[in-house]
Amino acid sequence: MFRRQVAVFEAELELSSGIGPMENDECQIDLVTFEAFVNALLAHHRRTSHAIVLALSDGFTATVPALAERAGIEVD
C-alpha cells in the first residue's frame, strides 16, 4: 500500500521519489532523489488548503519525513 501511495505522489508532484521496488518488505532508496521528493511533498502539502486532499494525504505526509529523518536527511 505504501509503494502505491508513493506512485500517486510521484505523479502528483511530477517527481521521482528515489524509492525503489519493494522486495521482501524492503526497498532501496536513492537518498539524494528522496530528499528532493520529501521537500517537494512537504511544500506541496503546506500550499494545499483543500480539506479532502489534506485528509487523504496526512498519513503519507507524516510517514515520509519520518523515513527521511531515519535516513539522516534533514527535512525542511
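Placement of F2 and L41 within a single hydrophobic cluster is found when ILVMFWY residues are connected by side-chain heavy-atom separations under 4.5 Å, directly or transitively. By the rule that hydrophobic residues join a cluster once side-chain heavy atoms approach within less than 4.5 Å of another member, V8 and M22 end up as members of separate clusters. Both V6 and L31 are members of a single hydrophobic cluster when ILVMFWY side chains are connected at heavy-atom separations under 4.5 Å.
The nearest pair of heavy atoms linking R3 to I19 is NH2-O, 3.1 Å. Here the shortest heavy-atom pairing between G20 and C27 reads O-CB, 3.3 Å.
The side-chain hydrogen bond (donor to acceptor under 3.5 Å, both in side chains) check on E10 picks up S17, with sequence neighbours excluded.
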Identify each donor-acceptor pair in which a side-chain atom of residues 60-75 lies under 3.5 Å from a protein atom, sequence neighbours left out, and give them as a table.
{"from": "T61", "atom 1": "OG1", "to": "S57", "atom 2": "O", "distance (Å)": "2.7"}
{"from": "T63", "atom 1": "OG1", "to": "G59", "atom 2": "O", "distance (Å)": "2.9"}

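Atom NE2 of H45 sits about 8.5 Å away from atom CZ of F9, to the nearest 0.5 Å. Once rounded to the nearest 0.5 Å, the distance linking CZ of F34 with CG of L15 reads 11.5 Å.
For residues 18-31, the set of pairs meeting the side chain to side chain donor-acceptor pair (under 3.5 Å) definition, not counting sequence neighbours, comprises D30-T33.
For R46, the CZ atom is densely surrounded, since the number of other residues' heavy atoms within 6.0 Å is greater than 12.
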